[in-house]
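Notes follow once the structure below has been shown.
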Amino acid sequence: MNAKIAIARAPANVALVKYFGKRDVELNLPAAGSLSLTLAPLETMTEVQTDPSLLADEIFMDGEIADPSFSKRVSGFLDLVREMAGARIHARVRTENNFPTAAGLASSASGFAALAVAGAKAYGLSLDEPRLCVLARRGSGSAARSIPGGIVVWEKGERRDGLDSTARSIAGPKDWDLRLVAGVTDPGPKRIGSTEAMEHTRKTSPYYTGWIESTRVDLGEAIAAVNDRDLEKLGEITERSTLSMHGAALAARPAILFWNGVTVEALHLVRELRAKGHQTWFICDAGPQPKILCSPSDELSTVDALSQLPGITDIIRCKITSGTRLISE
Ligand code: PMV
């Protein structure tokens, strides 16, 4: 196999109906389906260059040699690609995020979506969208949702090999204009990785079963709300999914607390804005960053209110966008 190069750009995604629990840890199969928005401008750009002269994979993050644990994860993922392609040749990977890495801003989702698309191409694999979702999912579950664009559903799937646990778009990027305002309170890496947090919650939280059951109901209702373009309904499901996920994690023993004080203040703020008639709903992932789903007409007032909260250091205004794409090969 000769040297080949491919570059992909992948957007982040933020779930409205959360994924938090695995039915298979090795394959990253979720215990329930989830629903997300594919978002600009948060994105990862990744270049994969196969090179017969390399004795091992070389991984660069933002122009510097990546730390060993990240490199190991990327190399392990490339092993899957090599296995599918029947190749042994190593690769040089350069990856860049335009936002803080591993801080609960979905960097693993965009990161593994970009790596799946660029890696498959560089190793000569021709995979359709469902297969790319399955591959991206192996790197990080939520990465499956960054392959398609718009509003995306990632299916739990029934098969043990996970081939039916893929993601699909249920509305295109231009079909419904929704906004997401992401606040940064602490750009450092998360204190606990999401897989560890999910497994600890599954094993020790008395609320885990209820959380998974409620997610199944929430997903069905959220899909209906998207089909009806019913923002009030979708917002209500969104906030309750976030709060239930964090509730299950808080009930784990010992408790997992992703939030800091600013996160809690942001939740109060969102509820106050809503009481004043604004269409705003609180979202939070496996980190302290508060995110707010809102209507386009409420975006500026939301940004304004959030920016006045002490402890908010940055605000990123996001819009729905298209999925991961190859930009050169
Ligand atoms: O990025 P992953 O696959 O480790 O999963 C993270 C899941 C949450 O961000 C906590 C919720 C979600 O559905 O994105």
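Whatever order the structure lists them in is the order used to number ligands and atoms, beginning at 1. Values below: all heavy atoms of this structure, side chains included; hydrogens, waters and symmetry mates excluded. One-based numbering along the sequence shown.
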Ligand 1 to Tyr19 polar contact by distance, N or O atoms, under 3.5 Å: yes
No-hydrogen, no-angle side-chain donor-acceptor test under 3.5 Å, Ser241 and Asp218: no
Ser108, portion touching ligand 1 at heavy-atom distance under 4.0 Å: side chain
Per-residue contact class, Ser34 against ligand 1 - non-hydrogen pairs under 4.0 Å: neither
Residues in side-chain contact (heavy atoms from CB on, under 4.5 Å) contact with Ser297, at least two apart in sequence or another chain: Ser295
Side-chain H-bond candidate by donor/acceptor type, Asn13 with Arg145, under 3.5 Å: yes
Residues Lys4 and Asp51 bridged, charged N to O under 4.0 Å: no
Interfacing atoms of ligand 1 (cut-off 4.0 Å, heavy-atom, Lys18): 11 (C), 13 (O)
Ionic contact status for Arg168 with Glu129, cut-off 4.0 Å: no
Geometric cation-pi criterion Arg94 and Phe60, 6.0 Å radius, 45° cone: yes
Asp285 N/O to ligand 1 N/O under 3.5 Å: yes
Under 3.5 Å: N/O of Thr195 near N/O of ligand 1: no
Any Ser140 heavy atom less than 4.0 Å from ligand 1: yes
Per-atom contacts, ligand 1 versus Ser142 - under 4.0 Å to a heavy atom: 1 (O), 2 (P), 3 (O), 5 (O)
Enumerated ligand 1 atoms positioned under 4.0 Å from heavy atoms of Ala286: 10 (C)
Ligand 1 atoms in contact with Ala15 (distance to a heavy atom under 4.0 Å): 12 (C), 13 (O), 14 (O)
Contact (N/O only, under 3.5 Å) between Gly141 and ligand 1: yes
Residue Arg271 excluded, over 12 heavy atoms near CZ under 6.0 Å: no
Distance filter under 4.0 Å to Met198 heavy atoms, resulting ligand 1 atoms: 5 (O), 6 (C), 7 (C)
Close N or O approach (Arg145, ligand 1; < 3.5 Å): yes
side-chain contact (heavy atoms from CB on, under 4.5 Å) involving Met198 - partner list, sequence neighbours excluded: Tyr19, Phe20, Lys22, Ser194
Ion pair Asp24/Arg160, N-O distance below 4.0 Å: no
